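Report on the following structure.
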Amino acid sequence: MHNETPYNFSELESKWREYWEKCGLFRMQPDSAKEKFYCLVMFPYPSGTLHVGHARNYVLGDVVARYKLMKGCNVLSPMGWDAFGLPAENAAIKENIHPAVLTSNNIAAMKRQLLSWGTGYDWAREVTACNPDYYKWTQWVFLKLWKKGLAYKRKAAVNWCPSCATVLANEQVVDGCCERCDHAVMQKDLEQWFFKITDYAQKLLDDLERLEHWPERVKTMQRNWIGRSEGVRVDFRMESTGELLPCFTTRPDTLYGVTFMVLAPEHPVIETLVVGNPRKEEILRFVEKARNESLIERSAANAPKEGIFTGHYAINPVNEEKVQLWIANYVLMEYGTGVVMAVPAHDQRDFEFARQYGLPIKVVIQPEGESLSPDAMKEAYTGDGVQVNSGQFDGLPNRAAMEKILERMERMNQGKRDVSYKLRDWLISRQRYWGAPIPIVYCKKCGTVPVPEADLPVLLPDIKDFRSTKGSPLAKVEDFINTRCPQCGKSARRETDTMDTFVDSSWYYLRYLSPKDDKRAFDSGTVNKWLPVDQYIGGVEHAILHLLYSRFITKVFYDLGLVGFQEPFQNLFTQGMIIKDGAKMSKSKGNVVSPEAIIKKYGADTLRLYLLFIGPPEKDAEWTDRAVVGGFRFLTRLWQKVIRHADELRPVKKWEGDVTSLPDDSRRIYRATNRVIKEVTKDIESSWHFNTAIAVVMALFNQVERFEAGDTVSKQVLRHALEGVTLLLSPFVPHICEEMWKTLGNEPTIFRQAWPSYDEEAAKQEQLEIVLQVNGKVRGRLAVSPDAGEDEIKAMALDDEKVKAFIDGKTVVNVISVRQKLVNIVVK
RNA sequence: GCGAGGGUGGCGGAACUGGUAGACGCGCUAGAUUUAGGAUCUAGUGGGUAACUCCCAUGGGGGUUCGAGUCCCCCCUCUCGCACCA
């Protein structure tokens, strides 16, 4: 193989990238009559550089987009930047570079990377979340929610990350620690802005059912997060004042077993309970301590339970019993009403607490065939049984009693059916600089006033002292804070919090349809035509955060009549991580594999091929540096074969005639090619298993490589095979395929070619290999024609030399034959 | 603890409704070529065995079946999610 045109990947790759850009391959055509296909990959956060894990994500999206182009779709494949956020600000502080500068540098670097991979986008639609022409509309989103009463400010105990010096949404707290920096999260009482996502809890839960093409795993995570539970709100009363003390329970059948009640340390009623209380100091000290516990301390599953008696009592409405009222760290203010009716006999937490503080235990459900006694119990009994000590309900199975007790309570006005959710409102305030300012003004006279739409954007001021971390950075910019009230015109102050970056990303997929429109965020008509997104691709780490928020915002827009669909993403694909040295790639672990070195050595197509070949895309895959070369070898061999035969193949047409008229060698190749077209198409359509698709093309090429064409007919067959391979591989390794396509004498671009079709007749096998088994063990093989009859095959099997050796001297008791597969002879 | 998904050669991974276990690739071995190295080409490559047409082998143990990586039961292990939610 001397003196042949080398596979000069770097030259050829940049040549074709320029060509695609010039011919507008990835430009969406607004007026086309073709079927639309919106292919969306999660836009990246511009953190610096992308590693091969990111590359897998974008290559996947690119394969889908290119495949759909070849299937004749009008494809929209946009790209943008989730460019606001804390990491940029933190990095800016560390390196003393303004976040705007840092972000734009990072965007430039990452865009260069994306381009170098050959992943195609409609760059004319690029959006950047930190640009005023984008965040203007993020602020508009805020105003829309405000007008609908879905944005509000309140004082609440919120998650505070001392290291990031800002509050966090519930979704951003992982195991009691900050999602970004891992620092332990504290609770703080602060005035904060929220989006009322809880109003949509039920809808968000119900509509998961519609998302047929979402991974079950993601839906389960969202279901858990929303955390719906059905139960009863029971109106206990304070003994002293008669004041209502409602609590939520899912077990009304255990109401007669309540032996004490417990308040969350944050519960507002505590304030009144301590007035004139002889143990006031002690109680307040406890409350203070409990409230200062970090979230990890408090929410760990086996955290020690601690409590204190308030000296007050509560009355159980169902039996008028008087029970002690306690405060304990295991009760959460955010869930239910912040009050728990404690049934130690039938709830493990209450049981542990009762034992610890010597509180009474009363059994009200006896399991079948057992007799629980409070003193002997080692743990709470949470199963089913028969009611005891439950007044008129004694003797009923507890399941039935639940309903009866509930009915009676409702009749007597002691409580009612209720539903509780774990989902809490979305905390969107951030006391940081690098985000979209919340468009609100505080006026002494008019109160909280939204900035009118016409006055948007509220520009983020260009501050110089972004390094000081004390307090909210915007609060120190006088020019920014001091403004006029939009209503009365008097001097007023601006809100100094910025918005959580998840607000930016909760609507970006709409903006891609009209990224430059300065009159509105998006055009409803266009958006309704293009959405829901046909295919969304991204990491599973966004299963709750981004995907739940986006669903929420879409539903709000739907209710406002701004969009005509209720779910933004029809199909969701969550790709697996690339693992290196047993761990997810991250800068902190130092196991990041950069795509640059690979591209330099082997080219982008080799990188792409390896990323697709490494395993099924939904699964995690282990990165192996040295395995990359396999893809390169394959591409080089393919290249050489095409170059070597190009001159003689260019004048001939690919074979399209009858299979049966072909001579043996050619027929074999032609059939194999047809079969592979069929298989690859199936792999792409049904499961996205590109690894097996590539494997069968490799296997085909191993055969084609040895095939030497002499006469015209065999050249035609070779052309059919090489063109087939080129077309089949083109979404995976686009540059080399485009070049080979042209080398074979075709017009670019290959991506405006139709996806190859196959001839069902030609895809058939001429000879089948029938496996011969004796007692289930393989003893031989038989080559037969596909139309050989079953009896004929059985006879041949019994007559086979190797088989005979194993059945000799034994009795054949059964012969099982599986059509076109095997014959199993059972002997004794 | 609960829920989901995994466990197949030295490695990444194949195997449709039960029907040839290990496709394809990496690595490895031998040979060819080369001043050498690299690259390339040819052949081989799950384990056992002198060898085989033999035996064993899909985390472990049982079972169903003519036949089990695949179905059923028990157990071990890894990853992820949830986890005092009343």
Side-chain angles (χ1 to χ4, degrees), chain A residues 1-2 174-175 215-218 220-221 223-225 227-229 231 247-251 254 262 264 298-305 328-332 334-343 347-350 352-353 420-423 540-541 543-544 576-577 579 582 584 609-610 613-616 618-631 633-634 636-637 640 682 686 689 691-702 769-781 801-803 805-806 813-827:
Chain A
M1 279 208 216
H2 304 285
V174 179
D175 292 333
E216 212 41 61
R217 186 163 59 127
V218 173
T220 306
M221 283 165 78
R223 264 184 216 114
N224 288 342
W225 190 259
R228 180 184 205 270
S229 49
C247 76
F248 176 79
T249 180
T250 52
R251 292 290 304 269
T254 65
V262 199
R298 222 172 132 181
S299 68
N302 47 4
K305 295 181 177 40
N329 62 349
Y330 75 92
V331 178
L332 310 171
E334 308 84 51
Y335 188 75
T337 60
V339 188
V340 168
M341 54 171 240
V343 187
D347 181 287
Q348 187 56 25
R349 295 154 300 179
D350 300 342
E352 286 166 29
F353 194 77
S420 203
Y421 300 92
K422 272 172 56 185
L423 182 71
V540 75
E541 65 272 18
I544 296 172
M577 280 181 307
I579 306 290
K584 174 185 175 174
L609 191 62
Y610 180 63
F613 191 60
I614 195 166
E618 72 276 11
K619 286 201 189 147
D620 290 351
E622 179 79 31
W623 180 270
T624 315
D625 278 312
R626 60 184 182 185
V628 176
V629 72
R633 284 184 196 145
F634 170 68
T636 309
R637 277 164 50 212
Q640 297 295 356
K682 192 182 129 232
S686 68
H689 284 181
N691 55 330
T692 51
I694 291 165
V696 297
V697 176
M698 283 176 164
L700 171 66
F701 179 69
N702 289 344
E769 197 178 55
I770 303 291
V771 171
L772 305 180
Q773 295 184 335
V774 177
N775 284 348
K777 293 197 173 170
V778 180
R779 299 303 184 188
R781 274 136 228 250
E801 283 304 318
K802 288 171 192 153
V803 169
F806 283 93
V813 292
N814 199 358
V815 178
I816 288 144
S817 148
V818 179
R819 206 176 62 87
Q820 306 201 331
K821 281 238 167 81
L822 63 67
V823 175
N824 186 13
I825 299 158
V826 187
V827 294

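Convention: sequence-line order gives letters A, B, ...; per-chain numbering from 1. As a basis for the values below, the full set of heavy atoms in this structure was taken, side chains included, without hydrogen atoms, waters or symmetry mates. Source: prediction; values computed, not measured.
If you check B/G12, B/A86, B/C16 against the side chain of A/V340, the one that comes closest is B/A86. Closest to the A/I816 side chain, of the nucleotides B/C84, B/G19, B/C11, is B/G19. Which of B/C54, B/A86, B/C82 sits closest to the side chain of A/F806 comes down to B/C54. In this structure, of B/C24, B/U20, B/G27, it is B/G27 that holds the atom nearest to the side chain of A/V629. Residue A/I544 has its side chain nearest to B/C82 when only B/C82, B/G13, B/U20 are considered. Counting only heavy atoms from C-beta on, A/K422 has its side chain closest to B/A83 among B/G19, B/A83, B/A86.
Neither OP1 nor OP2 of B/G25 sits under 4.0 Å from any side-chain N or O of A/R626. The side chain of A/N691 places an N or O atom within less than 4.0 Å of a non-bridging phosphate oxygen (OP1 or OP2) of B/A14. The shortest distance between the side-chain N/O atoms of A/K777 and the OP1/OP2 oxygens of B/U20 is not below 4.0 Å. Between B/G27 and A/R633, a contact under 4.0 Å exists linking OP1 or OP2 to a side-chain N or O. When the side-chain nitrogen and oxygen atoms of A/S229 are compared with OP1 and OP2 of B/A86, one or more of them lie within a distance under 4.0 Å. Between A/R779 and the phosphate of B/C54, there is a side-chain N or O to OP1/OP2 separation shorter than 4.0 Å.
A straight line from CG of A/N814 to P of B/G19 spans 19 Å, rounded to a whole angstrom. With rounding to whole Å, A/K682 atom NZ is found 9 Å from B/C16 atom P. Rounding to whole angstrom units, CG of residue A/N224 and C1' of B/C82 are separated by 5 Å.
In a base pair of the Watson-Crick type (N1 to N3 plus N6-O4 or O6-N4) or a G-U wobble (N1-O2 and O6-N3), with each distance short of 3.5 Å, B/G44 is matched with B/C28. Base pairing annotation: B/U34 forms no Watson-Crick or G-U wobble pair, as no partner gives both donor-acceptor distances under 3.5 Å. In a base pair of the Watson-Crick type (N1 to N3 plus N6-O4 or O6-N4) or a G-U wobble (N1-O2 and O6-N3), with each distance short of 3.5 Å, B/A50 is matched with no nucleotide. In this structure B/G5 sits in a base pair with B/C78, meeting the Watson-Crick or G-U test at under 3.5 Å.
With P as the reference atom, B/U70 and B/U8 are 14 Å apart, rounded to whole Å.
Put simply, the side chain of A/Y610 gets close to the backbone of A/T624: a donor and an acceptor are under 3.5 Å apart. Formation of a donor-acceptor pair under 3.5 Å by the A/D347 side chain with backbone atoms of A/A342 is not found in this model.
One can find a donor-acceptor pair under 3.5 Å joining the base of B/C66 and the side-chain atoms of A/N824. In the interface, the side chain of A/Q773 is not paired with the base of B/U20 through any donor and acceptor atom under 3.5 Å apart.
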